[in-house]
Undergrad: 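Please read through the structure below; I'll follow up with questions.
Quick caveat: nothing in here was measured; it's all calculated off a predicted structure. Start at 1 and go down the list; that is how both ligands and their atoms are numbered.
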Amino acid sequence: MVCRRQDIPSGRGWPVQVGQVRLAVFDTDGGLRAVDNRCLHIGNPIDDGPVSGDVLTCPWHGWQYDLRTGQHLTAFGRRPGLRTYPVRADGDEVLVEVPGPPGDR
Ligand code: FES
């Protein structure tokens, strides 16, 4: 469990940490989304970026990502982007699956 659903601001994300992994969780019209909280541009956090549909705009310099797949949306098409994580709600609890380090079983 990383937070409660009501912790996530409308139209924005919420920063959480699981072990060493920093995530941003979003509650979009399409459902909950969880991605790495690190923009691929210069690594700034993206959790405070505005969300429209499933498109997140980085609050720093405007790079855009599809929160369903993490893909980076560019003028030249979709590019590999942010890592995504399985996320679901159990009541008002937001649960994210973050794999442990290799060999951690
Ligand atoms: S840090 Fe995200 S666009 Fe620059």
Side-chain angles (χ1 to χ4, degrees):
M1 178 201 166
V2 296
C3 65
R4 299 200 177 277
R5 205 161 186 166
Q6 61 266 27
D7 293 334
I8 305 171
S10 176
R12 303 270 170 177
W14 186 249
V16 299
Q17 186 160 349
V18 179
Q20 298 299 309
V21 182
R22 293 171 194 265
L23 305 169
V25 291
F26 298 84
D27 195 356
T28 74
D29 293 342
L32 291 165
R33 313 288 185 220
V35 298
D36 275 333
N37 193 9
R38 190 170 192 280
C39 184
L40 296 178
H41 179 208
I42 56 171
N44 289 344
I46 54 166
D47 57 274
D48 199 31
V51 177
S52 176
D54 266 305
V55 176
L56 163 72
T57 300
C58 177
W60 296 89
H61 313 102
W63 283 30
Q64 292 191 307
Y65 300 95
D66 184 331
L67 289 174
R68 294 170 302 179
T69 60
Q71 287 173 311
H72 177 205
L73 305 175
T74 76
F76 307 102
R78 291 169 177 262
R79 298 281 187 264
L82 303 169
R83 182 170 184 178
T84 61
Y85 298 85
V87 56
R88 65 185 173 86
D90 183 2
D92 70 344
E93 296 184 344
V94 176
L95 309 171
V96 179
E97 260 180 63
V98 177
D104 183 27
R105 295 257 166 200

Undergrad: By number and element, which atoms of ligand 1 are closer than 4.0 Å to a non-hydrogen atom of C58?
TA: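 Atoms satisfying the 4.0 Å criterion: 1 (S), 2 (Fe), 3 (S).
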Undergrad: Any salt bridge between D36 and R83, counting N to O under 4.0 Å?
TA: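 No.
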Undergrad: Quick one: report the N, O or S atom of H41 that is nearest to atom 4 (Fe) of ligand 1.
TA: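 This turns out to be ND1.
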Undergrad: May I ask you to decide if the ring planes of H41 and W63 are parallel, tilted or perpendicular, using 30° and 60° as cut-offs?
TA: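 Because their plane-to-plane angle is under 30°, the rings of H41 and W63 count as parallel.
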Undergrad: Give the numbers and elements of all ligand 1 atoms closer than 4.0 Å to a heavy atom of G62.
TA: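 The list of qualifying atoms is 3 (S).
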Undergrad: Please classify the H61 to ligand 1 contact at 4.0 Å (heavy-atom distances, strictly less than): side chain, backbone, both or neither.
TA: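 Answer for H61: both.
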Undergrad: Using a strict cut-off of 4.0 Å, indicate which atoms of ligand 1 neighbour a heavy atom of C39.
TA: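 What qualifies from ligand 1 is 1 (S), 2 (Fe), 3 (S).
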Undergrad: Charged N to carboxylate O below 4.0 Å: is that the case for R12 and D47?
TA: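 Looking at D47 together with R12, the answer is no, because their closest N to O distance does not fall below 4.0 Å.
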Undergrad: Taking CZ in R79 as the centre, count heavy atoms belonging to other residues, nucleotides or ligands within less than 6.0 Å. Is the count above 12?
TA: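 Check passes, neighbour count above 12.
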Undergrad: Can you tell me if Q20 has over 12 outside heavy atoms packed within less than 6.0 Å of its CD?
TA: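 Open: at most 12 neighbouring heavy atoms sit under 6.0 Å from CD of Q20.
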Undergrad: Under a 4.0 angstrom heavy-atom cut-off, which atoms of ligand 1 come close to W63?
TA: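 Atoms satisfying the 4.0 Å criterion: 3 (S).
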